[in-house]
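In what follows, a structure is listed as structure tokens, so that the remarks can point back to it.
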2 protein chains.
Amino acid sequence: MSARMIKPIQTVTQRAPGLAKAKAKRTLKWQRDPEGMRLRILEAAKQEFSTHGLAGARVDRIAAKAGANKRMLYYHVGNKDELYLAVLEGAYDKIRSEERGLDLEHLDPPEAIRRLIEFTWSYFLRNPEFLSLLQTENLARAKHLKKSTKVKSMHSPFVEMIRTVVRRGVESGDFQVAVDPVQLYISIAALSFFYLSNSATLSVIFGRDLLAKDAKDERLAHMAGLVLAALTGRSAALFEIAKAPKSRTVVAQTV
Amino acid sequence: MSARMIKPIQTVTQRAPGLAKAKAKRTLKWQRDPEGMRLRILEAAKQEFSTHGLAGARVDRIAAKAGANKRMLYYHVGNKDELYLAVLEGAYDKIRSEERGLDLEHLDPPEAIRRLIEFTWSYFLRNPEFLSLLQTENLARAKHLKKSTKVKSMHSPFVEMIRTVVRRGVESGDFQVAVDPVQLYISIAALSFFYLSNSATLSVIFGRDLLAKDAKDERLAHMAGLVLAALTGRSAALFEIAKAPKSRTVVAQTV
DNA sequence: ACAGTATTTATCCAACGGGTTAATTTCTCC
DNA sequence: GGAGAAATTAACCCGTTGGATAAATACTGT
């Protein structure tokens, strides 16, 4: 998808009808494209791993989906586990990089938190494979992630970002408590993550489609209300907004 | 474990040394025990599925762990998927049954909510396989659960229980908002579930052991503070309680 | 234009894994 | 005490699967 499909020179069989096998010689059977190949493999692997889990993923299927020969996976990335780790690292890289662009520093603390919640929610919605990959990795007790050197480093800046927001909120009087940024982030992620990653079973259990448009809007409002109410101490006002039926537009409103 | 191990009459080879194969005839090779067998199979399957996921689980391993012949799984329960569903149903049955004993009706609304939070947290801590099973089922988009007739029914009473608590809380003035019970329950479950089910990756990422005793205490305090603060609107006071843990750096601090 | 290397394809295979078939053993009831 | 049913064991089947080996083809620099 991202990598332009160079290889498929399906024209191999496209031997002009009539001339038996004369000198149609200069029809390439395939083209080289290492980078593109690698990207296609990783993309295919991401899909496969996220839809089937680690053990359920099939190497052959990944190859097929990538339009590659199975051997290519081992040539360009490594065996199944290494492939999985590569995919996982890519996934973390992507979300953290987007988060970096949030620019929470320049926002009013409550607005910053709200923005973080909305971003997290929408990111998870837009990238369901990310959720699956994490679930799978946790099922494996993070055995792959532990081997990764890259991933460990890229999180402290993010935590500091949140810590600053909380500190500012407390100083300005917007927030009533100096909550631990890690706890706060985990909670924010949890509210979205669990709802989405477990939507299948929850929908069955509670007998309502949690992924319906209205349900999703409702959920976002609920989460924002919950967290902001806790931080600011103004439950009523904040939850009120959640109740607003259609006018989804109103996101925040100072009392 | 639960089923008394009847079968292992390993004495089969215990033929008294000396008498070739005379009439040591009356040494049983095995004993019948259908119910026990079934229980052992389900218990073994629960462990296997929760530690390896659906695709990663090995039927032979389950049989071995249950001290049974592989054939027994098919005889007493069914194929791999049916086995998985049986395990899942048992898991749901167990937690909902414990929840029924919570007796939230007779508690002060805030206390009831706190109790629900504490129960959920401790149940997840005590039954980590439950988390894995749910994760696995969600990875499979609840395809097994959808076939289950039993499970669907046993959840409405629980929702009603929460609904009542919320209503009482609003009427008494303890709670400032009449939050949707399903949303509330999902949030409460989410805060514990995500933290625990993703503790492996989160621990790596944030560089702290989230399962250490102190970390767990801190988490429980944080969750209770968050939810109750949001409902009652008294952030400061509630988060205060979180401060209790002696050593740990001050988690919450009134301004 | 060609030699050397990088990239890709074509096959193969041994172990595995879910499920089955058929024989054995235990138990129950008459 | 034995016949028929229930429970259990033993052995096998066969498609799948991760990975490997070897040959072919495309490029690159000289």
Side-chain angles (χ1 to χ4, degrees), chain A residues 3 5-13 24-41 44-45 48-49 52-86 144, chain B residues 3 5-13 15 21 23-41 44-45 48-49 52-87 144:
Chain A
M5 290 290 271
I6 286 191
K7 211 201 44 203
I9 305 255
Q10 307 287 39
T11 47
V12 183
T13 9
K25 236 185 92 203
R26 246 342 349 125
T27 22
L28 277 304
K29 288 192 179 165
W30 45 268
Q31 246 176 276
R32 289 188 179 185
D33 180 21
E35 306 85 0
M37 178 69 91
R38 184 158 207 278
L39 288 182
R40 273 179 293 138
I41 289 172
E48 179 71 10
F49 283 127
H52 296 91
L54 185 51
R58 292 295 163 252
V59 171
D60 299 81
R61 231 156 26 200
I62 294 176
K65 218 173 297 184
N69 183 287
K70 187 172 37 160
R71 180 65 224 281
M72 292 292 90
L73 314 194
Y74 298 90
Y75 184 75
H76 288 289
V77 188
N79 66 20
K80 200 181 183 183
D81 282 288
E82 294 167 324
L83 188 49
Y84 176 72
L85 176 56
H144 308 87
Chain B
M5 288 290 272
I6 287 191
K7 212 203 42 203
I9 305 252
Q10 308 287 37
T11 49
V12 183
T13 9
R15 176 189 301 148
K21 59 181 174 183
K23 68 164 207 233
K25 239 188 90 203
R26 250 338 354 128
T27 20
L28 276 302
K29 289 190 180 165
W30 45 269
Q31 245 176 279
R32 288 188 179 186
D33 180 21
E35 307 84 1
M37 178 67 93
R38 183 157 207 278
L39 288 181
R40 274 180 292 136
I41 289 172
E48 179 71 10
F49 283 128
H52 296 90
L54 184 52
R58 292 294 163 253
V59 170
D60 299 80
R61 228 151 37 196
I62 295 175
K65 217 172 297 181
N69 183 287
K70 186 171 37 161
R71 183 64 227 279
M72 292 292 88
L73 314 195
Y74 298 87
Y75 185 75
H76 287 290
V77 188
N79 65 20
K80 199 181 184 184
D81 283 286
E82 293 167 325
L83 188 48
Y84 177 73
L85 175 57
V87 168
H144 308 87

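All chains are named by letter (A, B, ...) in the order of the sequence lines, taking the proteins before the strands, and each is independently numbered beginning at 1. Worth knowing before you read on, the calculation uses all heavy atoms, side chains too, and leaves out hydrogens, waters and symmetry mates. What you see is a predicted model, and the numbers here were worked out from it, not measured in a lab.
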Quick note, A/R32 side chain, CB onward, closest among C/dT21, C/dT5, C/dC27 is C/dT5
Once you apply a heavy-atom cut-off of 4.0 Å, does A/R58 come out as touching a base, just sugar-phosphate, or nothing?
sugar-phosphate
| Hey, does B/A57 reach any base, or is it just sugar-phosphate, or nothing, if we go heavy atoms under 4.0 Å? | sugar-phosphate
Whole-Å distance, A/H52 NE2 to D/dT16 C1', equals 14 Å
Of the candidates C/dT26, C/dT7, D/dG18, the side chain of A/W30 sits closest to C/dT7
To the nearest angstrom, the CG-P distance between B/L83 and C/dG17 comes to 16 Å
When rounded to whole Å, the OH to C1' distance for the pair A/Y74 and C/dT8 reads 16 Å
With the side chain defined as heavy atoms from C-beta on, A/M72 is closest, among C/dC27, D/dA6, C/dT8, to C/dT8
B/R38 atom CZ is separated from D/dA7 atom C1', nearest whole Å, by 15 Å
Between the CZ atom in B/R61 and the NZ atom in B/K70, the distance rounded to the nearest 0.5 Å is 13.0 Å
Checking C/dC27, C/dA6, C/dT25 against the side chain of B/Q31 (C-beta onward), the nearest is C/dC27
Out of C/dG18, C/dT9, D/dC27, minimum distance to the side chain of A/M37 belongs to C/dT9
> Below 3.5 Å, does any donor atom in the side chain of B/N69 face an acceptor in the base of D/dA10, or the other way round?
Replying inline: yes
5'-most contact on DNA chain D (nearest-nucleotide basis), A/D60 vs A/R71, goes to A/D60
In terms of heavy-atom contacts, A/A44 and A/K65 come closest through CB-CB, 3.8 Å
Between the NZ atom in A/K80 and the CG atom in A/L85, the distance rounded to the nearest 0.5 Å is 14.5 Å
inquiry  = If the cut-off is 4.0 Å, is A/H76 near the phosphate of C/dA6, judged by side-chain N/O to OP1 or OP2?
reply    = no
From OH of A/Y75 across to P of D/dT25 the rounded distance in Å is 17 Å
Separation between CG (A/D60) and CZ (A/R58), nearest 0.5 Å, reads 9.0 Å
Correct closest heavy-atom pair for A/M37 and A/A68 would be SD-CB, 3.5 Å
Taken to the nearest whole Å, CD1/A/I62 to C1'/D/dG19 is 13 Å
Taken to the nearest whole Å, CZ/A/R61 to P/D/dG19 is 15 Å
Taking every heavy atom of A/A45 against every heavy atom of A/L83, the minimum-distance pair comes out as CB-CG, 4.0 Å
Winner on side-chain proximity to A/L28, out of D/dT21, C/dT21, D/dA26, is D/dA26
From CG of A/L73 across to P of D/dT17 the rounded distance in Å is 14 Å
Among D/dA6, C/dT25, D/dG18, the one nearest any side-chain atom of B/K29 is C/dT25
Per atom distances to the B/N79 side chain, the nearest of C/dG18, C/dG19, C/dT7 is C/dG19
- Message: Can you tell me whether the side chain of A/K70 and the base of D/dG18 have a donor-acceptor pair closer than 3.5 Å?
- Response: yes
